[in-house]
There are 2 protein chains.
Amino acid sequence: MISQTAEYALRAIVFLAMNPGRAHTTQEIADTTKVPAAYLSKVLKSLVKAGLIQSQRGLGGGFVLSKSPDQLNILEVLNAVDPIQRIRTCPLGLQGHGTVLCALHKRLDDATALIEQSFADSTIADILARPTQSTPLYERPPTKDGNPCAYE
Amino acid sequence: MISQTAEYALRAIVFLAMNPGRAHTTQEIADTTKVPAAYLSKVLKSLVKAGLIQSQRGLGGGFVLSKSPDQLNILEVLNAVDPIQRIRTCPLGLQGHGTVLCALHKRLDDATALIEQSFADSTIADILARPTQSTPLYERPPTKDGNPCAYE
DNA sequence: CGTATTATAGATATAAAGGTCCGAATATCC
DNA sequence: GGATATTCGGACCTTTATATCTATAATACG
């Protein structure tokens, strides 16, 4: 459905949203989200480039969200690493079709639009707020002192 | 959104649905649908294995649909070559989560379900019936005698 | 200033998807 | 039966996605 890279990006964003107040290093995010650290580093770079997170080098450095979780939706995260492609012209390259899609590709693009809208409508804050039996990314609910990484 | 392979499979199925009555060779389908013939051959093999189309070797052979276009939906075609994967267990492998997904993965699976349903609801016949300005796969509308390949 | 810490950049390796090729099997036509 | 057309099965190649590794630049702290 979404690429591995997009999945990793979402995990990182959700982690940062759940742990605000200070910067978090690649290693720290990687450990909790169970993502290969070296690869996560690349993904985070893309997120910085897209302006979704900010980075800080050196001691005490790491990554923080650029904006509040209720102002950030899933679609923005996906588009930063692995853009959802709408079908705008005939994939067969037929001249007569031009920008008017045939029924098949219209149907496929409708589905794409559906997903696009669905992701645009759900913010990261929605995910954090959503009541479920298990906390995102964590084995058990975070501790009161806000340091969930003490677990495991 | 969907893989290249899935796109090719759909083109082939739509082509066969639009040209019933006789078998069509790999080359014939490839030419019209603008798909590399050698690769299409592989895709068609998958469709035969899944039971969506039937093959016939030798002179006059080729491929035909196994069932009527109104009994065949897009989801079946996709699942034959590139199955849509629902998220059933926690991708992080967290024990405490088990089969109950956390909010993030619940959200992603909801989107997957949305697409799955959307594709299950549209049959190949729907696509053929849908009025649009351009005929699926073809530069111009098929001729009266039912031989659209005369074009180009 | 020197050292530890951390992101950044780029080269390289591995796996999966996409694509090609060819010989064998099967069917039709004469 | 022989010639021809066509799928089938598998080996092979190419490109892209995923992942790792190493060196470098920026920052903080003493």
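Only this structure's heavy atoms are used, side chains among them; waters, hydrogens and symmetry mates stay out.
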With sequence neighbours excluded, tell me which residues meet side chain to side chain contact (heavy atoms under 4.5 Å, CB included) with Ser66(A).
Gln54(A)

Can you give me every donor-acceptor pair (side chain of residues 41-49 of chain B, partner residue at least two apart or in another chain, under 3.5 Å) with its distance?
{"unit_1": "Ser46(B)", "atom_1": "OG", "unit_2": "Lys42(B)", "atom_2": "O", "d": "3.4"}

Please give me every residue in residues 44-55 of chain B whose heavy atoms get under 4.0 Å of an atom in DNA chain D, ordered by residue number.
Lys45(B), Ser55(B)

Residues forming a side chain to side chain contact (heavy atoms under 4.5 Å, CB included) with Asp110(A), sequence neighbours excluded
Lys106(A), Arg107(A), Arg130(B)

Just by protein heavy atoms under 4.0 Å, how would nucleotides 17-30 of chain C read 5' to 3' in B, S and -?
-BBB----BBBSS-

Can you list, by chain and residue number, the hydrophobic cluster partners of Leu114(B) when the side-chain cut-off is 4.5 Å?
Leu114(A)

Just to verify, what does Arg57(B) make a side-chain hydrogen bond (donor to acceptor under 3.5 Å, both in side chains) with, not counting sequence neighbours?
none

Mind jotting down which residue pairs meet the salt bridge (Lys or Arg N to Asp or Glu O under 4.0 Å) criterion with at least one end in residues 67-81 of chain B? Sequence neighbours excluded, please.
Lys67(B)-Glu76(B)

Would you please say whether a donor-acceptor pair under 3.5 Å links the side chains of Tyr8(B) and Ser3(B)?
no

Opening and closing nucleotides of DNA chain D in contact with chain B, under 4.0 Å to non-hydrogen atoms
dA5(D) to dA11(D)

What pairs with Asp126(B) under side chain to side chain contact (heavy atoms under 4.5 Å, CB included), at least two apart in sequence or on another chain?
Ser122(B), Thr123(B)

Across all chains, not counting sequence neighbours, the side-chain hydrogen bond (donor to acceptor under 3.5 Å, both in side chains) partners of Thr25(B) are none

Could you pull out all residues at least two apart from Ala50(B) that satisfy side chain to side chain contact (heavy atoms under 4.5 Å, CB included)?
Leu52(B), Ala80(B)

